[in-house]
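Order of the sequence lines sets the chain letters (A, B, ...), proteins ahead of strands, with each chain counted from 1. Everything quoted here is computed from the prediction, not taken from an experiment.
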There are 2 protein chains.
Amino acid sequence: MKTSKLTSLPSIRRLPSYLVLVQQALDEGMEYISGTVIAQELELEPIQVRKDLALTGIVGKPRIGYSVKDLYIAINRFLHWDTEKKASIVGAGHLGQALMGNKEFLKHGLRICAGFDVEPSKIGKKFHGIDIYPLDALPQVKRELGIEIAILTVPSTAAQEVAEQIVRAGITAIWNFTNVKLKVPSQVIVQQEDLSSGYAVLTVKIGAFRASPPG
Amino acid sequence: MKTSKLTSLPSIRRLPSYLVLVQQALDEGMEYISGTVIAQELELEPIQVRKDLALTGIVGKPRIGYSVKDLYIAINRFLHWDTEKKASIVGAGHLGQALMGNKEFLKHGLRICAGFDVEPSKIGKKFHGIDIYPLDALPQVKRELGIEIAILTVPSTAAQEVAEQIVRAGITAIWNFTNVKLKVPSQVIVQQEDLSSGYAVLTVKIGAFRASPPG
DNA sequence: TAGATTGTTAATCGATTAACAATC
DNA sequence: TAGATTGTTAATCGATTAACAATC
């Protein structure tokens, strides 16, 4: 059996931005929020918001909108952000350290519980309360702590080699912050997080703007 | 006149990954590279690679492929990565510091030449050789150094307010690493760089995999 | 009630993929 | 030459948007 078809990736990517708004509404004690309002805030089409939210199984009230509390629960559940997932940072450089310090992740169920590096001076240290282990210890620490996600933040030159170690350790999900397309077995899930593709969009937009600024 | 229609965003996002491969080919002294090979390496369809590359204006040789050198130049030019753009980090926290240390950006023409923060203890310091100024100094430093891009890495709670300061300082391009949808005048270009949307895709994929693992 | 909003079904739009002639 | 690859034109696919009945 093939992996069942995922729902639209663009929709999934938009859901976290709805969650930010819903969280705000929750904090403000609002009971209901309408798709129209969400659309306005995020500069999207109301119909797109309704379609996206429908994915989560939420049912709204005509004329009223969606229950803020239910919506919060529905989005979190749909994204699987309501269950804790243990992760490790592989490559405790600047970016790796910054990610270890990101409190936001915990709200999404992502608990970073170990860091790995090859640099002897870093091993045994803690960053933001997280222990750094030698890369070789990956299989053992993975077993002991039950790590299921590897956040890959090594230099590009080491990416493929380290990815193979991650796979050998039995980790099947990699959040890849390097610009290298990893060659891994098909059962391993790789999510590419590429700053340069976002930057490319920015620079092209700046270029287009200079060519013909609006009104 | 409205801002002219950009070419397909998905294509633009893929171009940097081609560039990584082309750079490698260049380092290895290869003269030509075919769309077929690029497609194989990145697990894309050859026709998609050809279509994307065509955007840059590159012309290939049937049976041979594309000149590696020409392709490198064409992609870089299309993305405007062949001209230097001066940027500043606004918010010198963990992520901001990590980005200041990112050597990769220089290859894409992005020169980070100043950092800003409100934290008195950080002001006057240097991170990775980059001076940290008080946020109030933004207009002046912007003028003196010719900064055109603000990389926004403040806490979410401060995002909107700081974005307004950025706009008032006359900066018209913001690379936004916060999860806040910024309200800015229409002539300001905002590129959202949202880790949580990538993470959402990862967690949904993991969930789908668990529901029905392949083979 | 009147009217704003939801959710469904249909239409449009844009991106991806297919087919194939041109070519070196 | 034979055959792999490019680039163009057409077909398909999927996501976005429109239309509108249902509803509270």
A.B. asks: Nearest to the side chain of B:R63, heavy atoms from C-beta on, is which of D:dT16, C:dT16, D:dA4?
C.D. replies: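 For B:R63, the side-chain atoms sit closest to D:dA4.
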
A.B. asks: Considering only C:dG7, C:dT16, D:dG7, which nucleotide approaches the side chain of B:Y66 most closely?
C.D. replies: D:dG7

A.B. asks: Counting just side-chain N and O atoms, does B:T7 come under 4.0 Å of either OP1 or OP2 of C:dA15?
C.D. replies: no

A.B. asks: B:E45 has a side chain; which of C:dT17, D:dA19, D:dT6 sits nearest to it?
C.D. replies: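 Of the options given, the side chain of B:E45 lies nearest C:dT17.
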
A.B. asks: Could you check whether B:K183 pairs with A:E41 (Lys NZ or Arg NE/NH1/NH2 to Asp/Glu carboxylate O, under 4.0 Å)?
C.D. replies: yes

A.B. asks: Taking the basic N atoms (NZ, or NE/NH1/NH2) and the acidic carboxylate oxygens, is any pair closer than 4.0 Å for A:K181 and B:E43?
C.D. replies: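 A salt bridge links A:K181 with B:E43.
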
A.B. asks: Calculate the interatomic distance between A:Y32 atom OH and C:dT6 atom P; express it in whole Å.
C.D. replies: 12 Å

A.B. asks: With the side chain of A:P62 defined as its heavy atoms from C-beta on, choose the nearest nucleotide among C:dT17, C:dT5, C:dT23.
C.D. replies: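 Minimum distance to the A:P62 side chain belongs to C:dT5.
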
A.B. asks: Does D:dA15 have OP1 or OP2 sitting under 4.0 Å from an N or O in the side chain of A:R14?
C.D. replies: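 For A:R14, the contact criterion (side-chain N or O under 4.0 Å from OP1 or OP2 of D:dA15) is not met.
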
A.B. asks: Look up atom CG in B:D70 and atom CD in B:E31, then write down how far apart they are to the nearest 0.5 Å.
C.D. replies: 10.0 Å

A.B. asks: Only pairs with both distances under 3.5 Å count, Watson-Crick or wobble alike; so what is the partner of C:dA21 in this structure?
C.D. replies: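 For C:dA21, the partner nucleotide comes out as D:dT6, under the 3.5 Å rule.
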
A.B. asks: Take atom CD of B:E43 and atom P of C:dT16, then tell me their distance rounded to the nearest Å.
C.D. replies: 17 Å

A.B. asks: What I want to find out is whether B:K85 reaches B:E148 closely enough, with some N-O distance under 4.0 Å, to be called a salt bridge.
C.D. replies: no

A.B. asks: What is the distance, rounded to the nearest whole Å, between atom CG of B:D52 and atom P of D:dT6?
C.D. replies: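 In whole Å, D:dT6 P lies 13 Å from B:D52 CG.
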
A.B. asks: Of the candidate nucleotides D:dT5, D:dA19, D:dT8, which contains the atom at the shortest distance from the side chain of B:K51?
C.D. replies: D:dT8

A.B. asks: Would you kindly give the CD1-to-P distance between B:I64 and D:dG7, to the nearest whole Å?
C.D. replies: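 The answer, rounded to whole Å, is 13 Å.
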
A.B. asks: Tell me which nucleotide among C:dA19, D:dA18, D:dT16 gets nearest to the side chain of B:I47.
C.D. replies: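 Looking only at side-chain atoms, B:I47 lies closest to C:dA19.
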
A.B. asks: Of the nucleotides C:dT16, D:dT17, C:dG7, which has the atom closest to the A:Q48 side chain?
C.D. replies: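 Of all the options, the side chain of A:Q48 is nearest to D:dT17.
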
A.B. asks: Of all the nucleotides listed (C:dT16, D:dT8, D:dT16), which has the minimum atom distance to the side chain of A:P10?
C.D. replies: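 Given the options C:dT16, D:dT8, D:dT16, the side chain of A:P10 is closest to D:dT16.
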
A.B. asks: I want to check one thing: is the phosphate of C:dT6, taken as OP1 and OP2, less than 4.0 Å away from some side-chain N or O of A:T36?
C.D. replies: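 Yes.
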
A.B. asks: If I take atom CG in residue A:L9 and atom P in nucleotide D:dC13, what distance separates them, rounded to the nearest angstrom?
C.D. replies: 18 Å

A.B. asks: Rounded off to whole Å, could you give me the CD1-to-C1' distance for the B:I38 and D:dT5 pair?
C.D. replies: 12 Å

A.B. asks: Find which nucleotide of DNA chain D each of A:R50 and A:K61 is nearest to by heavy atoms, and output the residue with the more 5' nucleotide.
C.D. replies: A:R50

A.B. asks: Flag yes if more than 12 heavy atoms outside A:E164 fall under 6.0 Å of its CD atom; otherwise flag no.
C.D. replies: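 It does: A:E164 CD has more than 12 such atoms within range.
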
A.B. asks: Applying the Watson-Crick and G-U wobble criteria at under 3.5 Å, what pairs with C:dA15? Answer none if nothing qualifies.
C.D. replies: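 Base partner found: D:dT12.
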
